[in-house]
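Chain letters run A, B, ... following the sequence lines, proteins first, then strands; residues in each count from 1.
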Amino acid sequence: MNNSEQKQYFSTELLAWYRRNKRDLPWRRSRNPYYIWISEIMLQQTRVDTVIPYFHRFVDKFPTVDALADAPEEEVLKAWEGLGYYSRARNLQSAVREVKERYGGVVPDTKDEVFSLKGVGPYTAGAILSIAYNKPEPAVDGNVMRVLSRYFLIEEDIMKGSTRVTMEKLAQELIPEGAAGDFNQGLMELGALVCTPKSPGCLTCPVLAHCAGRAAGVEDTLPVKKKAKPPRPEQRYVALITDAAGRVLVRQRPQEGLLARLWELPHTEAPGLLTLPDAAAAQEALAGHLAEDAGVGLGQVAWLMQAEHVFSHIRWELEVYTGGLVPSPLRPDEPQLLPSQYRWISPDDMEQLAFPNVFLRILNAYYGQQAIIAHKK
DNA sequence: AAAACGGGGAT
DNA sequence: ATCCCAGTTTT
């Protein structure tokens with residue numbers, strides 16, 4: 001069997017397998033390019049089972065390009081709350097506004113136009129063009145690189161850009177005539193259901209017969225991938241400040257950067273690294289932070305709980321303290337006027353404001369599970 | 001080419 | 001505890 005026959009076999013068998021075994025997923029029930037687009041953005045770095053409920057809520061709330069383009073950003077972030085990588089939501093809305101203005105609300109169907117949309121890179125452009133419009137463009141994600149690296153025994157590091165380009169070329173050659181959408185989805189479906197990262201189900205694989213990785217007995221060592229650096233730890237004090245009415249002091253994060261424009265409890269990095277609860281040290285650090293950032297004074301604090309939030313590059317190790325405000329040491333006779341990014345909220349207000357999951361967990365613990373609706377179980 | 005950017009599920 | 005995931009943007 002030569003290389004060309006190995007490719008031909010792969011394309012034919014994979015396509016047939018997909019058409020027999022594809023999952024019934026919400027975004028597969030139509031060819032609406034807007035729905036396909038939403039699903040592909042949500043699925044970046046995120047599992048199918050996590051995305052499904054978000055997808056339903058999102059298209060219910062924003063059923064069309066125009067509806068999403070016209071929505072307040074706050075509502076879009078709230079609909080994305082808990083999904084992570086919030087720039088996806090902001091870029092998506094920015095791109096949808098461009099589609100409304102420049103393309104009359106119709107998702108474009110050429111590579112250059114789709115690729116130029118904010119938040120749409122090589123993978124998503126290929127996915128939209130192939131799945132929504134059946135155009136013969138490759139859609140190479142982590143699943144596809146794993147499947148191809150095993151079947152064709154490719155040992156290049158998949159973290160390298162040059163490897164992705166190689167894979168895209170190969171993936172494009174494999175697309176059967178007129179079946180780009182099903183084939184590309186089949187490639188990803190095989191990676192998700194059979195050719196899994198660990199313990200691949202080779203015995204049920206439709207292309208086992210000509211899989212070079214399996215023949216060489218190296219399916220478990222592929223794909224080759226350089227290890228990522230572990231996230232750097234960051235110890236932080238968090239202030240859960242309440243007023244006489246039981247409202248909680250929250251603040252909105254800056255326009256750019258980590259968790260941009262989401263809401264949170266005030267917090268500041270601990271000067272030294274300590275492990276035991278130390279209310280005096282926490283009070284000093286948080287009072288200094290709140291004086292500078294909000295112009296308010298912090299009274300005594302009491303330890304409430306620990307929390308952790310792991311990003312791909314940072315590990316927040318949080319010590320949460322409760323407390324209340326006192327007259328500012330700088331302006332003891334002034335009323336406590338807050339900067340615009342700060343706000344007192346009650347549980348009902350959480351329905352409008354988007355918080356990262358770690359703060360939802362803290363607030364849920366504080367309120368004793370009532371009131372706050374996190375998206376998680 | 002490397003870093004920034006969330007969160008959860010599987011093992 | 002460790003790895004990984006239907007990636008894109010910025011530096």
Side-chain angles (χ1 to χ4, degrees), chain A residues 18 22-23 25-28 36-55 77 80-92 94-95 114-128 130-131 138-147 157-165 167-168 171 181 184-193 195-200 220 223 225-232 253 256-262 264 307-316 354-361 374-377:
Chain A
Y18 175 70
K22 65 178 178 181
R23 290 170 289 178
L25 300 175
W27 45 89
R28 287 184 178 160
I36 305 292
W37 182 10
I38 302 296
S39 72
E40 291 302 335
I41 299 296
M42 288 186 169
L43 287 163
Q44 291 170 11
Q45 309 291 294
T46 311
R47 287 186 163 68
V48 165
D49 289 343
T50 303
V51 165
I52 287 173
Y54 281 91
F55 177 83
L77 284 176
W80 210 269
E81 180 184 66
L83 254 191
Y85 285 109
Y86 299 94
S87 64
R88 291 185 295 174
R90 297 189 299 270
N91 288 337
L92 173 61
S94 164
V114 173
F115 187 72
S116 75
L117 296 169
K118 270 197 183 51
V120 177
Y123 164 74
T124 307
I128 292 172
S130 62
I131 298 171
V140 174
D141 65 359
N143 272 327
V144 172
M145 288 204 277
R146 185 172 58 256
V147 169
D157 181 355
I158 63 166
M159 295 303 282
K160 293 172 63 177
S162 58
T163 306
R164 199 206 74 223
V165 172
M167 297 272 189
E168 283 172 349
N184 283 350
Q185 291 182 86
L187 216 33
M188 294 187 273
E189 197 82 338
L190 188 73
L193 300 181
C195 197
T196 48
K198 290 170 196 163
S199 309
D220 282 315
K225 189 177 177 182
K226 190 178 59 199
K227 278 202 298 288
K229 281 193 315 189
R232 67 173 187 276
R253 294 181 60 86
E256 306 288 333
L258 185 66
L259 301 169
R261 281 169 264 182
L262 270 69
E264 64 182 3
E308 182 181 71
H309 196 52
V310 183
F311 305 85
S312 47
H313 57 308
I314 309 173
R315 168 194 300 273
W316 277 355
F355 287 79
N357 269 346
V358 65
F359 296 107
L360 292 176
R361 288 197 296 273
H375 284 309
K376 296 296 121 190
K377 313 66 185 168

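- Note that the CG atom of A:Leu259 and the OH atom of A:Tyr85 stand 11.5 Å from one another [nearest 0.5 Å].
- Among the atoms of the strands shown, only primed sugar atoms or phosphate atoms (P, OP1, OP2) are found under 4.0 Å from some heavy atom of A:Leu259.
- With C1' as the reference atom, C:dT2 and B:dG7 are 16 Å apart, rounded to whole Å.
- Here the side chains of A:Ile131 and A:Gln185 are in contact, with some heavy-atom distance below 4.5 Å.
- When the P atom is used for both C:dA6 and B:dC5, the distance is 23 Å, rounded to whole Å.
- To the nearest angstrom, P of B:dG6 lies 7 Å from CZ of A:Phe311.
- Protein atom NZ of A:Lys22 is 19 Å distant from nucleotide atom P of C:dA6, rounded to whole Å.
- Across all strands shown, A:Arg23 has heavy atoms under 4.0 Å from base atoms, whether or not it also approaches the sugar-phosphate.
- Scanning for side chain to side chain donor-acceptor pair (under 3.5 Å) contacts around A:Ser39 gives an empty result, with sequence neighbours left out.
- Closest contact between the side chain of A:Thr50 and the listed nucleotides B:dC5, B:dG9, B:dA3 involves B:dG9.
- Residue A:Gly257 is in sugar-phosphate contact alone, with no base atom involved, counting any heavy-atom pair closer than 4.0 Å across all strands shown.
- Heavy atoms of A:Val51 sit nowhere under 4.0 angstrom from any nucleic acid atom.
- The residue A:Leu25 sits close to a base: some heavy atom pair falls under 4.0 Å.
- Distances shown here put every side-chain N or O of A:Arg47 at or beyond 4.0 Å from the OP1 or OP2 atom of C:dG7.
- Between A:His313 and the phosphate of B:dC5, there is a side-chain N or O to OP1/OP2 separation shorter than 4.0 Å.
- Residues satisfying the salt bridge (charged side-chain N to carboxylate O under 4.0 Å, His left out) criterion with A:Arg261, sequence neighbours excluded, are A:Glu73.
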Represent DNA chain B in dot-bracket notation, 5' to 3'. Only Watson-Crick or G-U wobble pairs with both distances under 3.5 Å count; pseudoknot-style crossings use [ ] and interstrand partners use |. |||||.||.||
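- Put simply, CD1 on A:Ile128 is 14 Å from P on C:dG7, counting in whole angstrom units.
- The side chain to side chain donor-acceptor pair (under 3.5 Å) search around A:Asn184 returns A:Ser130, not counting sequence neighbours.
- Judged by distance alone, with hydrogens and angles left aside, A:Tyr123 brings no side-chain donor or acceptor close enough to the base of C:dG7 to form a pair under 3.5 Å.
- For A:Trp27 and C:dA6, the CH2 to C1' distance is 9 Å, given to the nearest whole Å.
- At distances below 3.5 Å, not a single donor-acceptor pair connects side-chain atoms of A:Glu40 with backbone N or O atoms of A:Ile36.
- Nearer to the 5' terminus of DNA chain B, by closest-nucleotide assignment, is the contact made by A:Gln44 (compared with the other of A:Gln44 and A:Lys198).
- Within 4.0 Å (heavy atoms only), A:Arg28 reaches at least one base atom of the nucleic acid.
- For the C1' atoms, the distance from C:dA1 to B:dG8 is 15 Å, rounded to whole Å.
- For A:Tyr18, the ring pair (Phe, Tyr, Trp, His ring centres under 6.0 Å) criterion is met by no residue, not counting sequence neighbours.
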Pairs under 3.5 Å (N/O, protein and nucleotides 9-11 of chain C):
from, atom 1, to, atom 2, distance (Å)
C:dT9, OP1, A:Gly119, N, 2.4

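- Following rounding to the nearest Å, A:Leu83 (CG) and C:dT8 (P) show an atom-to-atom distance of 16 Å.
- The ring pair (Phe, Tyr, Trp, His ring centres under 6.0 Å) check on A:Trp27 picks up A:Phe55, with sequence neighbours excluded.
- Residues satisfying the salt bridge (charged side-chain N to carboxylate O under 4.0 Å, His left out) test with A:Glu168, not counting sequence neighbours, are A:Arg164.
- Side-chain nitrogen and oxygen atoms of A:Thr124 include at least one within less than 4.0 Å of the OP1 or OP2 phosphate oxygen of C:dT8.
- A:Lys160 comes within contact range of no nucleotide atom at all, as no heavy-atom separation falls under 4.0 Å.
- Look at CZ on A:Arg253: it is 8 Å from P on B:dG6, rounded to the nearest Å.
- The separation between A:Ile41 atom CD1 and C:dC5 atom C1' is 16 Å, rounded to whole Å.
- For the pair A:Lys227 and A:Glu40, nearest-nucleotide mapping onto DNA chain C gives the more 5' position to A:Lys227.
- Comparing atom distances between the A:Pro197 side chain and each of C:dC4, B:dG8, B:dG6 picks out C:dC4 as nearest.
- In terms of the salt bridge (charged side-chain N to carboxylate O under 4.0 Å, His left out) criterion, residue partners of A:Arg315 (sequence neighbours excluded) are, by chain and number, A:Glu308.
- Every residue two or more places apart in sequence or in another chain that forms a side chain to side chain donor-acceptor pair (under 3.5 Å) with A:Arg23 is listed here: A:Glu189.
- A heavy-atom distance below 4.5 Å is found between the side chains of A:Trp316 and A:Phe311.
- Rounding to whole angstrom units, CE of residue A:Met159 and C1' of C:dG7 are separated by 10 Å.
- Contacts between residues 138-146 of chain A and DNA chain B, defined by a heavy-atom separation below 4.0 Å, involve no residue at all.
- Every residue was checked against the side chain to side chain donor-acceptor pair (under 3.5 Å) condition with A:Thr163, not counting sequence neighbours, and none meets it.
- Dashed line: the shortest gap from a side-chain N or O of A:Gln45 to OP1 or OP2 of C:dC5 is not under 4.0 Å.
- In this structure a side-chain-to-backbone donor-acceptor pair under 3.5 Å is missing from A:Arg88 to A:Gly119.
- In this structure, A:Ser39 reaches neither bases nor backbone, as no heavy-atom distance under 4.0 Å exists between it and the strands shown.
- Note on A:Lys225: a side-chain N or O is less than 4.0 Å away from OP1 or OP2 of C:dC5.
- When each of A:Asp49 and A:Arg88 is assigned the nucleotide of DNA chain B bearing its nearest heavy atom, the one mapping closer to the 5' terminus is A:Arg88.
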